[in-house]
Number of protein chains: 2
Amino acid sequence: MQPALNHRIGDKSLRRGYADAMALSDICADCAVRDHALCGSLDDRELDALNSLGQKRRIARGETLIWAGDDNLICANLLSGVMKMVASTSDGREQIVGLLYPADFVGQPYREEADFSITALTDAELCVFPRLPFQRVLEDHVRMERLLLQRTLQTLNEARNRMLTLARKSASERVAGFLLDMEVRAASAGCRATPTGPATFDLSLTRGQIADVLGLTIETVSRQLTKLKEAGLIRLPGGRAITISNRDALERRAEAA
Amino acid sequence: MQPALNHRIGDKSLRRGYADAMALSDICADCAVRDHALCGSLDDRELDALNSLGQKRRIARGETLIWAGDDNLICANLLSGVMKMVASTSDGREQIVGLLYPADFVGQPYREEADFSITALTDAELCVFPRLPFQRVLEDHVRMERLLLQRTLQTLNEARNRMLTLARKSASERVAGFLLDMEVRAASAGCRATPTGPATFDLSLTRGQIADVLGLTIETVSRQLTKLKEAGLIRLPGGRAITISNRDALERRAEAA
DNA sequence: CGCGTTTTTGAACGCCGTCAAATAATGTGG
DNA sequence: CCACATTATTTGACGGCGTTCAAAAACGCG
């Protein structure tokens, strides 16, 4: 089905099919997320097999990679940027069911039709694979399949915890919990050495997107943030930055009605 | 904090490993769910390997197999009965994050601590496996691992759709959708030949359990059911039976605020 | 029949959504 | 760099949906 591309071509950009594949292969060498993505489980030779399928693709903020309801044609690895996975009702109500960060796997393997839309919240880069060939690679590479299983299990756990939040927690619990989650992610992205002190970070989401994640409205999110500010638990230095000035209190509020 | 679980003492446990394994192995031969459970992917020889680990276990209605927060020691296949998977807040609010039916896989592989409690809603039977050895079997049997991956992906999809429901749908949409879901399950369990006509079935859940699934209260569920009855979409013949007398209208109500 | 449990029904409250408007932030072309 | 347009956020007023609290009715089981 796919030509084996184990040989190198001197000038990468001369010809199309081959050139793209090789370009991707080269990029893997200094891929920012390779160690954290699914392909981290592959050795160089296996990587070639995957690369012969994949194409690197840039996407602008606001662009939608996959539309719910369409044929489910592709999977991907997210290289940079942030994306959202959205479920929606027929009359347009929306819920973000997952945020995707660099090294995350994107898409729904073994699904004929896409159930959710996937849209870029920032400019983003991905390695995109056609779904069916990707599934075949998956089945030929146990370690990758295993890694996907473990990630999927982890994602499922998170989804279930989110159900508890969406169904049973108050607006102030949701917002407080969300800020703590985002702080953890920001910290691990920035790899700050000091886990102490007032942590300032940028939550690159609009109020509307936060609302979509938390199952609230823009107004409620905004009101809760000002409440937290007035209570002295956080500061809002402007833009989309957040300073957590009293994490203990924030953690308490994250699990008290 | 909770009753000890793995101390079931019976005549069989006098002669350990072998007797149990053979007993289980024998039972597999006429296992009601074998073709639908994960072990359906194993041949007889492989089944032996799994069986040497497993123990068949009966559980009474209301008993809890796994407690959230405990060490995550076991996985299982559900043979008969219905169980619930519950997430809860520190102050006791609960949400059912999954219902488990015969042939479903039970537990959280690759997790050190159980995140959710798993409790029997009816008397139930399971094949219980210690988690770590089970994981090893999983890794030695690609087909089973693949099957688990595919199931997990499917479950994740369902979880994400549930997020939409919990976050954005009205009480009447939730109840209508729930009845339709249960009807599908009841129909597939009973394998009715006629997909037409007024379908009567038993939703073996109490109002409280329905409320726990839908993220509502008992009162709200009850009120919505009477509304549906008064609107002529369903009948409540008593007990926990439901008759769907106008499925089209019910489907419309399931996705209209 | 009598008792405990589940379900239904009623009444009042409160959280959050909706609608509306003011203010702040961001971007754009001149 | 500013003036202006656009978008995002904050703030306010109000109402509705679902919860909470309470009690009656129906059911199940000895």
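Note that the coordinates shown come from a computational prediction; the quantities given were computed from them, not determined experimentally. Quick note on labels: first sequence line is chain A, next is B, and so on, each numbered from 1.
For A:Arg185 and A:Tyr101, the positive end sits near the middle of the six-membered ring, less than 6.0 Å away and at most 45° from its axis.
B:Arg223 contributes a side-chain N or O that forms a donor-acceptor pair with the base of C:dG10 under 3.5 Å.
The residues B:Asp212 and A:Arg168 are annotated as salt-bridged, a charged nitrogen and a carboxylate oxygen being separated by less than 4.0 angstrom. Salt-bridge check for A:Arg223 with A:Glu230: failed, with every basic side-chain N at 4.0 Å or more from each acidic carboxylate O.
No contact: B:Leu225 has no heavy atom under 4.0 Å from any strand. B:Ser222 comes within contact range of at least one nucleobase, with a heavy-atom separation under 4.0 Å.
Atom CG in B:Asp123 sits 7.5 Å away from atom CZ in B:Arg61 (nearest 0.5 Å). One distance of note links CD1 of B:Ile96 with CG of B:Leu205; it measures 7.0 Å at 0.5 Å rounding.
Nearest nucleotide to the side chain of B:Glu219, out of C:dA20, C:dG17, D:dT20: D:dT20. Which of C:dC16, D:dT11, C:dT7 sits closest to the side chain of B:Thr206 comes down to C:dT7. Across C:dT7, D:dT19, C:dA20, the shortest atom-to-atom separation from the side chain of B:Thr217 is found for D:dT19. The side chain of B:Gln224 lies closest to D:dG18 when the candidates are C:dT9, C:dG17, D:dG18. In this structure, the nucleotide among D:dG18, C:dC19, D:dT9 sitting nearest to the side chain of B:Ala171 is D:dG18.
To the nearest angstrom, P of D:dC27 lies 11 Å from CG of B:Leu236. Regarding B:Gln209, its CD atom lies at a distance of 14 Å from the C1' atom of C:dT7, rounded to whole Å. Remark: P of C:dG17 and CD of A:Gln95 are 11 Å apart, rounded to the nearest angstrom. Across the protein-nucleic acid pair, B:Ile218 atom CD1 and D:dC21 atom C1' stand 13 Å apart, rounded to whole Å. Atom CZ of B:Arg93 is separated from atom P of D:dT19 by 13 Å (rounded to the nearest Å). The separation between B:Leu214 atom CG and D:dT19 atom P is 10 Å, rounded to whole Å. A straight line from CG of A:Leu166 to P of C:dG17 spans 12 Å, rounded to a whole angstrom. One interatomic measurement links the two molecules: CG of B:Asp212 to C1' of C:dT7, which rounds to 16 Å at whole-angstrom precision.
Taking side-chain N and O atoms only, A:Thr220 has a distance below 4.0 Å to OP1 or OP2 of C:dG17. Phosphate contact (OP1/OP2 of D:dT9, side-chain N/O of A:Arg240, threshold under 4.0 Å): present.
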